[in-house]
There are 2 protein chains.
Amino acid sequence: MPAKSLPSIAARKATADGLIRDAGARLTSPRSAVLTLLLAADHALTHQEITDTLSVDLAVDRVTVYRVLEWLVEQGLAHRIAGEDRVWRFSVSRGKGAGARHDHRHAHFACTQCGQTFCLGDMPADVKMKLPAGFRTETVELTLRGVCSHCR
Amino acid sequence: MPAKSLPSIAARKATADGLIRDAGARLTSPRSAVLTLLLAADHALTHQEITDTLSVDLAVDRVTVYRVLEWLVEQGLAHRIAGEDRVWRFSVSRGKGAGARHDHRHAHFACTQCGQTFCLGDMPADVKMKLPAGFRTETVELTLRGVCSHCR
DNA sequence: GGCTTCCTGCAACTCATTTGCATGAGTGTG
DNA sequence: CACACTCATGCAAATGAGTTGCAGGAAGCC
């Protein structure tokens with residue numbers, strides 16, 4: 001076996017299953033499969049990418065995938081990203097332990113070529129804008145658009 | 001008549017018609033009506049808002065509105081904003097005279113209550129993020145999410 | 001007024017996402 | 001270990017924004 005330092009699929013599945021258990025919910029194969037996939041992904045995945053990948057060795061209904069994703073977001077295990085193409089992308093919420101809610105303080109990078117979206121590190125804290133009177137900011141969303149390393 | 005200092009509808013229509021003429025295109029009532037509406041709006045309008053408003057005194061086909069909006073964006077007279085609800089919003093491109101293209105350097109504010117989106121001033125120039133190797137940024141998108149003055 | 005070309009309106013379509021409902025599978029209990 | 005009680009899944013059908021093809025209509029130019 002190759003001297004890979006990356007977590008194996010099995011390890012990721014174990015992580016995924018643990019997270020699902022910790023959420024106090026039933027451990028089902030669709031949940032496990034989707035979360036394992038998200039944990040292994042290097043970029044935010046669309047619903048389509050997920051169903052396509054899963055269909056190779058496990059038939060999961062499209063609707064179920066939608067519901068699993070929705071549930072993951074509710075649990076704070078993943079977050080959804082809106083893009084220019086009106087398609088949701090999903091990525092695990094990393095940092096701050098398991099149920100890291102509100103970790104939406106990081107920026108995103110969207111490749112205009114391949115459409116892939118990546119999570120970046122925390123955004124600069126100094127994104128303060130002067131607002132019209134009466135406006136109150138709750139969250140800030142920062143998306144860089146350009147060409148990713150794979151497409152240049 | 002009230003001592004309004006805001007441009008009258010007639011004046012806006014004149015502005016709209018001038019902009020359309022300057023673009024070297026035919027002046028048609030759908031184009032004029034849509035652009036007049038956008039010029040008068042204090043927030044970015046959805047396709048739905050536009051057709052609903054127009055239908056009061058001028059029947060314009062949904063598809064035509066879509067095409068007019070697309071055309072306005074192509075001409076640099078308007079820009080389209082993607083939101084969380086997978087609906088495009090359109091706003092006139094202000095500043096730098098008529099055909100102000102690339103004025104996408106401003107931030108947006110999206111109200112989580114009513115869904116309305118507003119254009120803010122220029123974003124802080126210092127939104128530089130460290131990117132993974134090989135990534136090249138072309139445009140930056142900054143959206144503040146919170147409660148607008150009307151909803152608080 | 002007549003011509004040419006671009007624009008509009010209509011109908012039908014695409015495609016991501018959602019909803020309703022009946023069946024089926026986890027999980028705690030006896 | 002079987003049983004029941006939910007909760008989750010699968011299927012079918014619906015929703016809703018946005019798109020496409022095509023034929024008729026109207027701006028702009030002479």
Side-chain angles (χ1 to χ4, degrees), chain A residues 13 16-37 44-55 57-75 77-90 110 115 117, chain B residues 13 16-35 37 44-55 57-75 77-90 115 117:
Chain A
K13 177 160 176 3
D17 292 359
L19 290 169
I20 294 167
R21 277 260 149 70
D22 291 351
R26 290 185 187 166
L27 179 58
T28 63
S29 41
R31 282 179 180 167
S32 176
V34 171
L35 186 48
T36 301
L37 208 53
L45 301 179
T46 63
H47 168 269
Q48 179 117 66
E49 287 176 295
I50 293 170
T51 43
D52 286 357
T53 307
L54 290 188
S55 67
D57 43 29
L58 172 71
V60 181
D61 191 72
R62 304 172 27 258
V63 177
T64 301
V65 173
Y66 276 117
R67 287 199 265 235
V68 167
L69 289 168
E70 184 185 14
W71 178 82
L72 288 171
V73 171
E74 275 169 13
Q75 299 304 311
L77 291 172
H79 62 275
R80 64 163 48 161
I81 310 163
E84 293 278 307
D85 57 1
R86 315 190 327 115
V87 172
W88 293 117
R89 278 157 226 277
F90 298 84
T117 298
Chain B
K13 176 159 175 7
D17 291 359
L19 290 169
I20 294 166
R21 278 259 150 70
D22 291 350
R26 290 185 188 168
L27 178 58
T28 63
S29 41
R31 280 179 181 167
S32 176
V34 171
L35 186 49
L37 209 53
L45 301 178
T46 62
H47 168 269
Q48 178 117 63
E49 287 176 294
I50 294 170
T51 42
D52 286 357
T53 307
L54 289 187
S55 67
D57 42 30
L58 172 70
V60 180
D61 191 71
R62 305 172 339 95
V63 178
T64 301
V65 174
Y66 275 118
R67 287 198 265 234
V68 167
L69 289 169
E70 185 185 14
W71 178 81
L72 288 171
V73 171
E74 275 170 13
Q75 300 303 312
L77 292 171
H79 62 277
R80 64 164 48 164
I81 310 163
E84 292 278 306
D85 56 2
R86 315 190 327 114
V87 172
W88 293 117
R89 277 157 226 277
F90 297 84
T117 298

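Chain letters run A, B, ... following the sequence lines, proteins first and then strands; every chain starts at 1. Everything numeric here is computed off the predicted structure, so don't read it as measured data.
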For the pair made of [atom1] in [X] and [atom2] in [N], what is the distance, rounded to whole Å?
X     : N      : atom1 : atom2 : result
A:D52 : C:dC15 : CG    : P     : 13 Å
B:I20 : C:dC7  : CD1   : P     : 11 Å
A:E49 : C:dA16 : CD    : C1'   : 14 Å
A:E84 : C:dC15 : CD    : C1'   : 18 Å
B:W71 : C:dC7  : CH2   : P     : 8 Å
A:L45 : C:dA16 : CG    : C1'   : 16 Å

Which of C:dG9, D:dG10, D:dA8 is nearest the side chain of A:T64? It is D:dG10
Sole candidate of B:L45, B:D52, B:I50 that passes side-chain contact (heavy atoms from CB on, under 4.5 Å) when paired with B:Q48: B:D52
Applying side-chain contact (heavy atoms from CB on, under 4.5 Å) between B:F90 and each of B:L37, B:I81, B:V73, B:L72, report the one that passes. B:V73
Listed by chain and number, what are the salt bridge (Lys or Arg N to Asp or Glu O under 4.0 Å) partners of A:R31, not counting sequence neighbours? none
Nearest 0.5 Å, please: how far is OG1 in A:T46 from CG in A:L69? 9.5 Å
Kindly compute the distance separating CZ (B:R86) from CG (A:D85), expressed to the nearest 0.5 Å. 10.0 Å
Contact summary for B:V60 and B:P30, nearest pair of heavy atoms: CG1-CB, 4.0 Å
Restricting to non-hydrogen atoms, name the atom on B:A82 and the atom on A:G83 that form the minimum distance, rounded to 0.1 Å. CB-O, 3.9 Å
Contact pattern, 5' to 3', of nucleotides 24-30 of chain D - B, S or - by protein heavy atom under 4.0 Å: --BBS--
Could you encode protein contacts along nucleotides 11-20 of chain D as a string, one character per nucleotide from 5' to 3', using B for base contact, S for sugar-phosphate-only contact and - for no contact, with a heavy-atom cut-off of under 4.0 Å? BB----SBBB
Presence of salt bridge, B:D17 and B:R21, under 4.0 angstrom: no
